[in-house]
Participant: 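Okay, handing you the structure first.
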Amino acid sequence: MSEENKRLYDRVKEKVKEHKTEIIIAGITVATIVGVVLLTENWDVIKKQVLISDVKNSIIKNKSIPSLTPTPININITNNVPVEKPVDVSKHLRNLPMGWNASLEKIKSALEHGFTLTENQTWVDNYTKMCA
């Protein structure tokens with residue numbers, strides 16, 4: 001080690017001795033902050049691990065598998081396809097996006113039903129749609 005490096009090392013060593021309490025407090029503070037950040041970012045994983053650990057401990061103590069009652073889900077599915085029901089939709093006026101206008105056919109149909117369309121409106125005849 002060169003003389004200059006030795007002097008630098010000695011100065012650093014003296015400063016560390018002078019300020020060791022502050023250095024220890026700073027180290028603990030940084031470690032605590034890092035721990036809190038890691039804990040909050042991984043909270044869901046930690047909760048799952050605690051739950052798994054509780055279930056494992058319960059199995060070991062009772063030497064049996066705990067009965068977990070499944071929650072029923074009311075989904076009406078046949079062959080993984082939702083069941084659709086027909087719904088009748090009555091004739092009505094529909095607002096269109098700005099700049100859109102009804103076709104001549106829809107303007108005539110609205111007049112036949114006693115309605116005068118304004119700008120950005122159209123007429124919708126009765127129809128049946130399928131809803132899940």
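Residue numbers count from 1 along this sequence.
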Participant: Apply side-chain contact (heavy atoms from CB on, under 4.5 Å) to E3 and list each qualifying residue two or more places apart in sequence or on a separate chain.
Facilitator: R7
Participant: Enumerate the salt bridge (Lys or Arg N to Asp or Glu O under 4.0 Å) contacts for residues 20-42, please, sequence neighbours excluded, ordered by first and then second residue.
Facilitator: none
Participant: Atom CD of E14 and atom NE2 of H19: how far apart are they, to the nearest 0.5 Å?
Facilitator: 10.5 Å
Participant: Carefully, step by step, assess L93 and L117 under the rule side chain to side chain contact (heavy atoms under 4.5 Å, CB included).
Facilitator: CA-CA 8 Å; L93 294 175; L117 299 178; 3.2 Å; yes
Participant: Output every pair passing salt bridge (Lys or Arg N to Asp or Glu O under 4.0 Å) with a member in residues 27-36, not counting sequence neighbours, ordered by first then second residue.
Facilitator: none
Participant: What residues, two or more places apart in sequence or in another chain, satisfy side-chain contact (heavy atoms from CB on, under 4.5 Å) together with I24?
Facilitator: I28
Participant: Let me confirm one number: the CD1-OG1 distance from I107 to T122, rounded to the nearest 0.5 Å.
Facilitator: 8.0 Å
Participant: Through direct or indirect side-chain contacts below 4.5 angstrom among Ile, Leu, Val, Met, Phe, Trp and Tyr, which residues connect to L96?
Facilitator: W100
Participant: With ILVMFWY side chains joined below 4.5 Å, transitively, what does V12's cluster contain besides itself?
Facilitator: L8, V16, I23
Participant: Partners of T21 by side chain to side chain donor-acceptor pair (under 3.5 Å), sequence neighbours excluded?
Facilitator: none
Participant: Please list every donor-acceptor pair under 3.5 Å in which a side-chain atom of residues 108-115 meets a protein atom from a residue at least two apart or in another chain.
Facilitator:
| from | atom 1 | to | atom 2 | distance (Å) |
| --- | --- | --- | --- | --- |
| S109 | OG | W123 | NE1 | 3.4 |
| S109 | OG | D125 | OD1 | 3.2 |
| H113 | ND1 | S109 | O | 2.7 |

Participant: Just checking L39: does its CG atom have more than 12 heavy atoms from other residues, nucleotides or ligands closer to it than 6.0 angstrom?
Facilitator: yes
Participant: Any side-chain heavy atom of E119 sitting closer than 4.5 Å to one from N101?
Facilitator: yes
Participant: Counting only heavy atoms not in E18, do more than 12 fall under 6.0 Å of its CD?
Facilitator: yes
Participant: Which residues pass the side-chain contact (heavy atoms from CB on, under 4.5 Å) test with T40, not counting sequence neighbours?
Facilitator: V36
Participant: Is there side-chain contact between K85 and C131, with at least one heavy-atom pair below 4.5 Å?
Facilitator: no
Participant: Let's go through N120 and M98 carefully: what are the C-alpha distance in whole Å and the side-chain angles of both, what is the deciding distance for side chain to side chain contact (heavy atoms under 4.5 Å, CB included) to 0.1 Å, and is it a yes or a no?
Facilitator: CA-CA 6 Å; N120 300 325; M98 294 298 289; 3.5 Å; yes
Participant: For T118, enumerate each residue passing the side chain to side chain donor-acceptor pair (under 3.5 Å) test, keeping only those at least two apart in sequence or located in another chain.
Facilitator: Q121
Participant: Applying side-chain contact (heavy atoms from CB on, under 4.5 Å), can you list everything that pairs with S90, at least two apart in sequence or on another chain?
Facilitator: N126
